[in-house]
Participant: 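To start, I am sharing the structure in question, which I have written as structure tokens.
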Amino acid sequence: MKKKFVSMLLAAAMLTTALTACGGEGDSAPASDNGSDSASPSAQATPAPADNATAANDSDPAQSAYQLDRLVMVVDGNLSATLDNGQADFEKQWEEAVGVDLEIQQLDHSGYSDAVGRLFASGDYPDVMIMSADMFTQYLPTGLLWDMTEAYDNADFQSRMLLPGINEQLRTKGNGRLYGFSPTYGNGCVTYVKKAWVDALGINIDDIKTYDDYYAMLKRFHDEDPDGNGINGDTYGVVASGFIGNEAPFINYLPEFWQDAYPAFIQGDDGVWYDGFQADACKAALLRLQQAYKDGVIDPETLTATTKIAREKWFSNDQAGSSGVFTYWAGRWYQTLTDYFIKNDLDPELIQLPPIQEVGAYINREAPVWVILDDGDGDNAREQAIFDAFFETMMDGDVVQTLWTYGAEDVHWSIHAEEFVTNPDDPEKRKEYSYEEGEFHLRPTITNPNAMWAKNLFDPNLVVCELSNGYGAPSELLLNGSKFFSEHSKDAPMSPVSETYTNESGTIYDAKLAVITEVVINGGDVDAAMETYVQTVGSIVDQCLSELNG
Amino acid sequence: MKKNKHIMTSSGSAVREKPLGLRIWNNRGYYIMFLPVLLFVLVMNYWPMLGIRYSFYDYKPVGRPTFVGLAHFQKMFVTPAFWAAFKNTLQLSIMRLLITTFASVIISVFLNEMKNLFAKKTLQTVIYLPHFMSWAVVASIFSLLLSPSSTGMVNGWLKDLGLISRDQAGIYFLADSRWWRPIFYTINIWKETGWGTIIFLATLSGINPELYEAADIDGATRMQKIRYVTLPALANTILTVLILNLAKVMNMFEPVFVLYNNAVYDVSDVISTYVYRQTFAIALPNYGYSTAVGLFRSLVGGALVLICNQASKKVRGRGII
């Protein structure tokens, strides 16, 4: 009897807890309260972007009087100055230059959007943060992002602006208002080919002009023995991290197979949005991938490989099971991949393959965007102060821009006379460096003294404002890579802004993966697979399209 | 008029029960010792239950939650992916439980029959070890072994044995719906069978040796002794293990999460991984929907616990809660 009574009591306690909780919505809402001076944006109090336009127009002189003492920044893995790689020095020099206390929260790169979601859900809002273009598009309608149109238009760095188009494109997403700032060009992927393999098979890379040429090369990489281990068929043509990317521009890791297809919502020439995944071009691309998978020219692990696994397979010191081709980021990664080849005792020469005819140009992804989080108090003073402290200095063309571009002075780079040696114990890789006083140079990486530091946050060749102190990137490969990409790229299509898409993008992506798996891996019929796709998410897709075209 | 409660003493005389407050005061030492536990349970187990309310709200990382009533449950019940995950959860968990329990019983009986103590101890140690490896490590090892590329060991063997043509692509065991579940069960057997034998070996060590001696006198063979002495002695333990574990079938996450991929969602996606993707695979997740799915899972799990409790009462004479 007593036991029953206790059980009843516990059950009643649980019920009361749940009911009490249900009734307490107002008190425990996840959005933080509007602190007087803290960076605690409340999206509730902030109108949607379109309505918010005038909020930032008020150029009240009192705004400039706001005293910003501390700035919390959230960033992903794009900041090379990690905790192990001299972040404390970077932070200290930034604080000395700007006069504001800086707190850097560097979140896991691969799970960045998840981590940001958790951060926001816990009411822990930073002042500024970086977002991928896709993420920016999804956060745009939330009212969380500060309208920086006037601040940007009146910024001092406008006089040094080299590439205004990137941020002008961002304006179109905000219906003419600017809710984020891209300090760099987006960059994209180019196709790298191992020169050693090309030479081993006697392939003339200049002859690779069309998809047929490209495919024939991949097939030879698989069927023959490009790694010279005496075994035919233990190598592959190309490896990638998935057949489709999980963020825009989706197709950049296998552009030769996707060609003119774009498996996402895309705007036609007439301005009407449609689902590119259901288009004929996409079906043709899936069939090309199906054939390539069947022929063994695509490493089968492409389906499940992460970027790290795909990368490491490509430059593994055991080349059996590796591939001849890898499409990866341009510019800095040209240098980094080469460094990995050297580290693993492989022939380091990589060829950047000009886009084949069917591809035309590689895709320059939408640039990552820095945003200021609006505290929703209706006063722009705090946000303007953040803009001045963060963005104005970021593009100052001098000390702070150098910090963002190359890192901390005398840690990541220096202008003082010095000498150092990389790979001192390896006669073949040993390299001596000697610099005179006043000569700008990068220094060895802290965590890997045998590799030279390449950049901090900005790729120097992608930045929108000129660095006026004359400090230039000394890496020839990086320069070459960036130049090659800019000559062979076109801008990615704009990401869609739709509430349903924001809510259901995961479901749609799962349905696309099911189609790709069925067609490419299982060799299924593409029309039947598309039919399943329509049955599964057709109504969601229609809803997204009606919102986009509405 | 309030009636005084009386309690019987050991001598059989009735005395009036002391008031609750006085009893607590008299036993204050015990209550103070109990207090940290109570606080821990309230804070760690009951306080998080407040989050249940979000299953009735649209709750995103940005903005205040909006009450949507049963909308998330309606969406959940018409979503095929949810039902696929629900079905997979039950199938994978129950099959895994049955297979690993069966394997544990077989291995236990085998170990029990071993006369060489050194060999027995060595074998026990070897089969316990996989249990201590994290699922992430296990997944990496098996991904390498089962890789479809030219470096995959199992596919290499199959080609050496002529079971797969050299020109043919290797079998993508972990990305093929026909293979994923058998592989999943095999990995589970490899990892957990050894650990599962502990409880059965303990039971076997408690069997009265006189039963075996009597069987010997009756001329029973080794197999007959296993059949008529060992297995009946294990029956109650087997049922207990099954019942206790049945209550946890809805909790499966890690083994699936580290081994599945988008090619095999149809046979591998369980409720926990479905919730994970709904929560963390999109930039602006709706935690309300994830909470609704989680609540449903908890309710089913709770119902299973009650069913198991009843089953336990019938089988063992006492419940598990």
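In this text, all values refer to a predicted model and were calculated from it rather than measured experimentally. A note on names: the letters A, B, ... follow the listed sequences, proteins ahead of strands, and every chain is numbered from 1.
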Participant: Which of the residues Pro285(B), Gly152(B), Pro148(B) is involved in the greatest number of heavy-atom pairs with chain A at under 4.5 angstrom?
Facilitator: Pro148(B)

Participant: As an exercise: rank Glu518(A), Lys313(A), Arg118(A), Glu301(A) by heavy-atom pairs under 4.5 Å with chain B and give me the winner.
Facilitator: Glu301(A)

Participant: Considering only heavy atoms, which portion of Tyr293(A) lies under 4.5 Å from any heavy atom of chain B: side chain, backbone, both, or neither?
Facilitator: side chain

Participant: Does a sphere of radius 6.0 Å around CH2 in Trp83(B) hold more than 12 heavy atoms from other residues, nucleotides or ligands, not counting ones at 6.0 Å or beyond?
Facilitator: yes

Participant: Which bit of Lys294(A) comes within less than 4.5 Å of chain B, counting heavy atoms only: side chain, backbone, both or neither?
Facilitator: neither

Participant: Chain A heavy atoms under 4.5 Å from Asn286(B): which part of the residue, side chain, backbone, both or neither?
Facilitator: neither

Participant: Once ring pair (Phe, Tyr, Trp, His ring centres under 6.0 Å) is applied, do any residues pair with Phe257(B), and if so which ones, sequence neighbours excluded?
Facilitator: Phe253(B), Tyr276(B)

Participant: Please list, in residue-number order, every residue in residues 170-178 of chain B that has a heavy atom less than 4.5 Å from any heavy atom of chain A; write 'none' if there are none.
Facilitator: Tyr172(B), Ala175(B)

Participant: Which one, Ser143(B), Ser147(B), Ser149(B), leads in non-hydrogen pairs under 4.5 Å with chain A?
Facilitator: Ser149(B)

Participant: Side chain, backbone, both or neither: which part of Tyr236(A) has an atom under 4.5 Å from a heavy atom of chain B?
Facilitator: side chain

Participant: Side-chain donor-acceptor pairs under 3.5 Å in residues 291-301 of chain B, sequence neighbours left out?
Facilitator:
unit_1: Thr291(B); atom_1: OG1; unit_2: Tyr287(B); atom_2: O; d: 2.5
unit_1: Arg297(B); atom_1: NH1; unit_2: Ser272(B); atom_2: OG; d: 2.9
unit_1: Ser298(B); atom_1: OG; unit_2: Gly294(B); atom_2: O; d: 3.0

Participant: For residues 73-80 of chain B, tabulate all N or O donor-acceptor pairs below 3.5 Å that involve a side-chain atom, not counting sequence neighbours.
Facilitator:
unit_1: Lys75(B); atom_1: NZ; unit_2: Glu504(A); atom_2: OE2; d: 3.2
unit_1: Thr79(B); atom_1: OG1; unit_2: Lys75(B); atom_2: O; d: 2.5

Participant: Atom CH2 of residue position Trp179(B) - does it have more than 12 heavy atoms of other residues, nucleotides or ligands inside 6.0 Å?
Facilitator: no

Participant: If you count heavy-atom pairs under 4.5 Å between each of Asp299(A), Ile521(A), Thr507(A), Leu303(A) and chain B, which one has the most?
Facilitator: Leu303(A)

Participant: Using a 6.0 Å cut-off, check whether atom CD of Glu312(A) has over 12 heavy atoms from anything other than its own residue.
Facilitator: yes

Participant: Just so I understand: if I count every heavy-atom pair under 4.5 Å between each of Asp510(A), Val116(A), Thr536(A), Asp223(A) and chain B, which residue has the most?
Facilitator: Asp510(A)

Participant: Of the backbone (N, CA, C, O) and the side chain (C-beta and beyond), which part of Ala81(B) lies under 4.5 Å from a heavy atom of chain A, both, or neither?
Facilitator: neither

Participant: Check each atom of Asp234(A) against the heavy atoms of chain B and say whether the ones under 4.5 Å are side chain, backbone, both or neither.
Facilitator: both

Participant: Let me confirm one number: the CD1-CG distance from Ile516(A) to Asn262(B), rounded to the nearest 0.5 Å.
Facilitator: 8.0 Å

